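The analysis underlying the following values was restricted to heavy atoms, covering all of them including side chains, and did not include hydrogens, waters or symmetry mates. On a predicted model such as this, the values are computed, not experimentally measured, just so you know. Note on naming: letters A, B, ... go to the chains in the order of the sequence lines (proteins, then strands), and numbering restarts at 1 for each one.
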2 protein chains.
Amino acid sequence: MAARGVHLDHEQRRDWLRLIRTENVGPRSFRGLVNRFGGAATALDALPALARRGGGLIQPRIPTIDEAEAEMAALARLDGRFIAIGEPEYPAPLREIDDAPPLLAVRGRVELLNRPTVGIVGSRDASGAGRTMTARLARGLGEAGWMVASGLARGIDTSAHEASLPTGTIAVIAGGHDKPYPRENIALMQRIAEIGVVLTEMPMGWEPRARDFPRRNRLVSGISLGVVVVEAAERSGSLITARLANEQGRLVFAVPGSPLDPRSGGANGLIKQGASLITGVEDILEALTPLLGRSMPLALEEREHDASAMADPTEDTRSRVLMLLGPAPLPVDDIVVMSGASVSDVQILLLELELAGRLERHSGGRVSML
Amino acid sequence: MAARGVHLDHEQRRDWLRLIRTENVGPRSFRGLVNRFGGAATALDALPALARRGGGLIQPRIPTIDEAEAEMAALARLDGRFIAIGEPEYPAPLREIDDAPPLLAVRGRVELLNRPTVGIVGSRDASGAGRTMTARLARGLGEAGWMVASGLARGIDTSAHEASLPTGTIAVIAGGHDKPYPRENIALMQRIAEIGVVLTEMPMGWEPRARDFPRRNRLVSGISLGVVVVEAAERSGSLITARLANEQGRLVFAVPGSPLDPRSGGANGLIKQGASLITGVEDILEALTPLLGRSMPLALEEREHDASAMADPTEDTRSRVLMLLGPAPLPVDDIVVMSGASVSDVQILLLELELAGRLERHSGGRVSML
């Protein structure tokens with residue numbers, strides 16, 4: 001049983017890594033499996049049968065013990081280690097989110113992860129004014145005792161990290177620790193790995209692809225109590241971060257700019273939609289300081305296996321749930337209501353389908369069949 | 001009796017002018033007098049006695065018939081004329097405000113005053129971007145059929161008038177029609193007086209002083225359904241206009257700008273306080289179009305004298321009201337509650353004091369003794 005203040009032992013951590021690295025297992029299905037089977041080891045044992053019941057023709061590939069040990073060793077060679085959700089070093093706000101990674105691969109001063117954090121994101125081709133403003137905010141937040149998180153991209157991200165390096169900066173990357181990106185920020189990343197924190201949920205050796213960046217953005221907002229958008233064009237990655245931040249219940253701040261400057265379109269648009277207009281660090285502190293010390297609930301824990309709660313869904317329930325699923329994303333809540341099945345039955349059936357590679361999960365708790 | 005669609009005759013208009021030009025008579029006391037005495041002529045007759053009862057040592061100076069005729073003639077020589085509240089040409093939204101001028105001195109295409117209007121105000125030392133943005137908004141509003149009102153100042157005001165000159169622009173000035181200000185906008189003012197509208201509540205011959213500009217600003221917002229602040233430093237006249245607009249129930253729009261540019265401080269601050277961030281004319285139209293056609297109540301009308309309602313307050317009531325008044329501004333509503341006197345008794349007592357030059361009126365319906 002892992003709760004706040006409890007550490008996984010080496011085998012548990014290795015089992016967690018094997019489970020989260022298993023094909024078709026994402027943070028949500030990881031949580032469903034561990035909650036249902038009481039632990040990663042039991043879940044790994046149950047996986048083949050579940051995938052079969054979900055209609056998978058090919059068994060999902062589960063990494064071997066050796067493969068998991070090898071990834072842990074590779075990370076250790078970079079002075080990194082895995083932190084599990086529920087362990088005390090795991091960032092408390094991140095535990096709250098729906099699809100919190102069960103394991104974070106972390107390099108640097110891990111203790112910084114439990115200081116209050118603000119995300120700062122923005123355009124890669126930022127203006128001089130945008131970078132000046134970013135540096136001013138990041139410095140001010142650092143002086144006030146806040147960590148600054150960003151995505152290590154060019155432009156605003158770089159300014160945010162550089163200005164907060166002396167006080168505490170957290171770089172969330174979209175690939176493996178051994179695949180730094182972008183090239184021009186390799187030196188900055190190395191420096192952050194020494195006196196700040198670099199973290200990722202992706203495996204060692206993973207080259208970041210375009211679709212990994214939005215996924216990464218949810219972690220920038222997830223470890224933060226609020227996210228600041230400094231300069232962002234309309235339809236930019238920073239706006240995705242802002243949207244995810246909002247969905248996660250984080251405060252969204254935006255720095256206004258002239259409507260004549262397209263680089264301000266995104267931030268101005270966010271303010272129209274309800275984000276807080278900020279002109280200085282005091283605006284951020286005024287909004288976030290009251291949130292400090294608010295307790296964050298635990299989202300997942302290893303617990304004793306309770307076999308009585310684990311009765312499999314009946315064939316009747318299974319067919320009613322399957323009938324509802326199609327290519328159009330449907331909220332899980334609606335599936336529960338429309339099928340008349342119990343929440344736990346629906347969750348296990350969705351898990352089976354996911355493990356079989358037949359289910360896709362969408363934002364807002366929606367699912368569709370592939 | 002003057003109501004919507006009714007015109008004052010020449011003598012009535014002259015009496016209105018004499019009454020509003022009387023020392024210590026402002027828009028609020030004008031309304032109180034006309035409502036109490038049923039018309040300006042009767043109010044003029046009653047004035048000396050009222051001022052005496054209010055404790056005035058010197059009688060307020062009432063302009064003679066000849067003086068009023070002379071002002072009307074001087075305005076007519078500039079092709080201008082006086083429009084009374086309640087007359088159909090009087091801007092409908094302006095009737096709604098608490099201290100609507102009973103008479104407007106108007107030059108130009110008076111019929112434009114009853115088209116839907118947006119005020120645009122901003123800094124005198126505007127940036128190029130601010131002027132470009134202003135011109136874009138003013139042109140867009142004009143193309144959508146809206147009049148643009150502003151204050152004929154340098155900078156933003158000038159850009160707003162110039163860009164809306166072809167479609168309809170309204171300049172509200174702080175002095176008399178024969179005292180154009182600022183000098184560099186004399187040609188623009190002349191052009192507006194030909195194809196737009198120039199209006200003021202101030203007498204012919206009046207040189208605008210610093211304190212007349214905030215007073216004028218309430219008319220820019222008063223004739224408008226919404227006010228746009230384009231560029232404004234903190235603690236600027238444009239912010240006063242925005243505050244007055246808000247108090248008048250007008251929508252306040254602000255164009256954002258970089259926090260690094262002090263000329264954006266005021267507009268960004270307004271957005272923080274709840275003004276709508278706008279980036280283009282469509283944002284203004286989206287908010288204001290639903291307000292079109294909303295009926296505006298008449299604030300004042302000449303009516304039959306009803307002597308029965310005109311009993312003078314008793315000495316007891318008078319002393320109770322006077323006891324409450326002091327140098328600290330007090331809401332009239334509180335005076336009514338605390339004195340136990342009727343609303344009409346309190347109003348007539350305040351009127352008497354005002355005519356005697358002993359009462360000052362403040363924003364928010366508050367009064368104090370001088």
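Proximity to chain A is absent for every atom of D261(B), based on heavy atoms less than 4.5 angstrom apart.
Minimum interatomic distance between S224(A) and P93(A) (heavy atoms only, all atoms of both residues): O-CB, 4.2 Å. Nearest heavy atoms, G151(B) versus R216(B): O-NH1, 2.9 Å.
Counting only heavy atoms from C-beta outward, the side chains of F253(A) and V118(A) never approach each other to under 4.5 Å. Between T241(B) and V227(B), some side-chain heavy-atom pair lies under the 4.5 Å cut-off.
In this structure, N217(A) contributes its side chain and S238(A) its backbone to no donor-acceptor pair below 3.5 Å.
Along residues 184-194 of chain B, no residue comes nearer than 4.5 angstrom to chain A, judged on non-hydrogen atoms.
No hydrogens or angles considered: a donor-acceptor pair under 3.5 Å links the side chains of T169(A) and S164(A). Neither side chain, S264(B) nor E231(B), offers a donor N or O lying under 3.5 Å from an acceptor on the other.
Note: L277(B) leads T132(B), I271(B), L277(B), I278(B) in heavy-atom pairs under 4.5 Å with chain A.
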